[in-house]
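The next block holds one structure in the form of structure tokens; read it before the comments.
By convention here, the first residue in the shown sequence is residue 1.
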Amino acid sequence: MRDPQSLDKQYLWHPFTQMQDWLENEQLVIEKGKGIYLYDTKGQRYIDGISSLWVTVHGHRHQELNRAITKQLNKVAHTTLLGLANLPSIELAEKLIKISPPGLKKVFFSDNGSTAVEIALKIAFQYQQLKGYKDKKSFLTLVNAYHGDTIGSVSVGGIDLFHKIYKPLLFKAFKAPAPYCYRCPLGLDKKNCKMSCLNCVERILKKHHSKIAAMIVEPMIQAAAGMLTMPGGYLKAIRALCSKYDVLLICDEVATGFGRTGKMFACEQEGISPDLMCVAKGVTGGYLPLAATLTSQKIFDAFLGEISEQKTFFHGHTYTGNPLACAAAIANLELFKKDKTLNKIKSKINFMEKELKTFHDLKSVGDIRQCGFMVGIELVKDKETKEEFPYEARIGHRVILEARKRGAILRPLGDVIVLMPPLSINQKQLQELLSITYESIKEIPA
Ligand SMILES: *Cc1c(COP(=O)(O)O)cnc(C)c1O
């Protein structure tokens, strides 16, 4: 191939990227991966510190995942789920239900996190319509939420930087302040706030529940907002409030699912079951695009009826239940068992927690948030006042360029440095990733 970097610059438009900046700067082109490492076209090796945008679970080019996909490829690459069934989607659906929180009984497949959310929203809305709650047309979401980039999922999103320009296109949703304890929206202190932000959720539910079909949350941690962790008990309280006010609960486990928080699903951290659950990212171990929306029996049953009643869920994507992606997902789940991934991760989470404490020595580290294998290190200009760096200083971006020089690929969320390595990383590799991150943050000029 001619110089791949210049071809990229000639033909591609990259996601979430200011292309002027991209075109002006040196860019990496990745050629291959193995285990926790990525290799660029110049042969440089990097630790994949963000699991290729939060998806890789057991590592790259894993023999068993490769084998499972090849085996399916020798049968058939794709057949439709519209009016037909296929073997891998059946096997995967059963496996997903078996590992999911109790009460989730049915699986609706799609191909990315945003569609999994769109489907949950449409199902919740239609469910309420079918049940005769005609006014339940709206949704409740949290400030700082991220549920994907399609218009529906942006409508329940709450990150102004990404979402504000699209406002005229969006449907209206109720927004409650979310727990961002480092910068509490209510100006309270975590030590004695008694989770007052829950009262804001309850106030909205009390007043508007007859208009709200469902509440949607990222369980335990608002990831894209900057790894904002929820205090213990918050999620459980949200579940109770939704039940109390007859509002469905949608848990968006797209980022948190498949071991990321230390349990298979983040909902398990608080022993709750949502009415609808969205999964994507890690479902195929980071191999192929696949997503699923899981629902309770009650919701599924509401859509049953004679053809003439037109209660059908009229929604579907062309690649729904793609056999190759499902085969990868089945192999991913089998590896969790075989490698005892969820057992082994515990000591690595503790190790990371202990090591991260030393980061507080760095003058720019304002807050460190961790939920299992999801870490956000918030950098600030002034520790005392929590004053932020100016947006255009791109401090987060500068840190990740430093990390590259030292052999790790990271991607920040603004000035929050994210660590989300593959679950298969060993302690020694984790130590290396942490030292690279520490050294890179240390380079921030005074
Ligand atoms: C990434 C993400 C999505 C969107 O998934 P895509 O596959 O990028 O469409 C939705 N919700 C959460 C919580 C996510 O982290």
Side-chain angles (χ1 to χ4, degrees), residues 101-104 117-147 152-160 163 170-181 184-188 190 193-222 225 228-253 256 266-267 269-278 293-296 298-299 302:
L104 294 169
V117 168
E118 294 281 346
I119 288 160
L121 297 173
K122 284 175 75 178
I123 288 180
F125 172 84
Q126 190 169 341
Y127 168 81
Q128 302 289 11
Q129 295 298 305
L130 291 170
K131 283 296 199 181
Y133 299 109
K134 299 285 180 201
D135 291 336
K136 281 187 174 283
K137 290 188 255 187
S138 197
F139 294 91
L140 173 56
T141 180
L142 295 175
V143 171
N144 300 319
Y146 178 81
H147 296 293
S153 51
V154 169
S155 296
V156 291
I159 302 182
D160 264 0
H163 299 152
L170 308 179
F171 58 75
K172 195 184 149 297
F174 294 97
K175 280 196 177 78
Y180 179 3
C181 302
C184 175
L186 307 179
L188 300 173
K190 197 176 167 178
C193 69
K194 302 202 182 93
M195 285 198 269
S196 294
C197 49
L198 279 169
N199 298 339
C200 307
V201 176
E202 176 146 28
R203 259 200 304 278
I204 295 174
L205 283 171
K206 197 168 188 173
K207 187 152 176 226
H208 300 290
H209 63 92
S210 62
K211 288 180 256 168
I212 298 173
M215 175 170 189
I216 181 164
V217 291
E218 295 162 80
M220 299 309 291
I221 178 165
Q222 293 187 296
L228 309 181
T229 47
M230 294 171 171
Y234 181 88
L235 181 64
K236 205 171 181 157
I238 290 288
R239 170 68 272 185
L241 284 173
C242 287
S243 301
K244 180 173 170 191
Y245 291 99
D246 251 326
V247 160
L248 296 173
L249 176 63
I250 303 169
C251 280
D252 177 354
E253 291 255 12
T256 48
C267 287
Q269 303 278 3
E270 303 234 316
I272 67 139
S273 288
D275 301 287
L276 295 127
M277 185 169 97
C278 308
T293 307
L294 281 62
T295 84
S296 65
K298 174 182 88 171
I299 291 175

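- Using a 4.5 Å heavy-atom threshold, the side chains of V156 and I250 count as separate.
- Atom CG of residue L241 and atom CG of residue L205 lie 6.0 Å apart, to the nearest 0.5 angstrom.
- Going from atom NE2 of H209 over to atom CD1 of I212 covers 9.0 Å, rounded to the nearest 0.5 Å.
- The CD1 atom of I123 lies 11.0 Å from the CG atom of L130; values are rounded to the nearest 0.5 Å.
- Of the inter-residue distances, the one linking K172 atom NZ with S138 atom OG reads 5.5 Å to the nearest 0.5 angstrom.
- Counting heavy atoms from C-beta outward, L140 and V247 have side chains that stay 4.5 Å or more apart.
- Minimum heavy-atom separation, I159 to A145: CG1-O, 3.5 Å.
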Exercise. Check step by step if side-chain contact (heavy atoms from CB on, under 4.5 Å) holds for Y127 and K298.
Key: CA-CA 9 Å; Y127 168 81; K298 174 182 88 171; 3.3 Å; yes
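- F174 is linked by a ring-ring contact (aromatic ring centres under 6.0 Å, His included) to H208, counting only residues two or more places apart in sequence or in another chain.
- When all heavy atoms are compared, the tightest approach of C242 to M215 is SG-CB, 3.7 Å.
- Rounding to the nearest 0.5 angstrom, the gap separating the OG1 atom in T256 from the CE atom in M277 is 8.5 Å.
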Practice problem: List the steps and the verdict of side-chain contact (heavy atoms from CB on, under 4.5 Å) for C251 and I272. | Solution: CA-CA 10 Å; C251 280; I272 67 139; 4.1 Å; yes
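- At a threshold of 4.5 Å between non-hydrogen side-chain atoms, the residues E218 and L142 do not count as touching.
- Remark: side-chain polar atoms of T141 are not paired, donor with acceptor, to backbone N or O of G157 under 3.5 angstrom.
- Side-chain contact check for L198 versus I238: some heavy-atom pair is nearer than 4.5 Å.
- Closest approach of P219 to A266, counting heavy atoms only: O-CB, 3.6 Å.
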Quiz item: Could you go step by step and tell me if L186 and C200 meet the side-chain contact (heavy atoms from CB on, under 4.5 Å) rule?
Solution: CA-CA 10 Å; L186 307 179; C200 307; 4.1 Å; yes
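- The closest side-chain donor-acceptor pair between E202 and Y245 falls under 3.5 angstrom.
- For the pair E118 and G152, the tightest heavy-atom approach, listed with the atom from each and the gap, is OE2-N, 2.9 Å.
- Ring orientation note: the planes of H163 and Y146 are close to parallel, at an angle under 30° on the 30°/60° scale.
- Taking NZ of K136 as the reference point, atom CD of Q129 lies at 11.0 Å (rounded to 0.5 Å).
- A heavy-atom distance below 4.5 Å is not found between the side chains of L249 and S243.
- Closest heavy-atom contact between A302 and K131: CB-CE, 4.2 Å.
- Looking at Q269 and L235, their side chains never come closer than 4.5 Å, going by heavy atoms from C-beta outward.
- Side-chain contact between F171 and L121: present, with at least one pair of heavy atoms (C-beta onward) separated by less than 4.5 Å.
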Self-check item: Chi angles and distances behind the side-chain contact (heavy atoms from CB on, under 4.5 Å) call for F125, F139
Solution: CA-CA 9 Å; F125 172 84; F139 294 91; 4.2 Å; yes
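- What you find for P185 and A178 is that their closest heavy atoms are CG-O, 3.4 Å.
- Looking only at side-chain heavy atoms (C-beta outward), Y234 and C197 come within less than 4.5 Å of each other.
- Applying the salt bridge (Lys or Arg N to Asp or Glu O under 4.0 Å) test to pairs two or more places apart or on separate chains, those with a residue in residues 230-242 are R239-D275.
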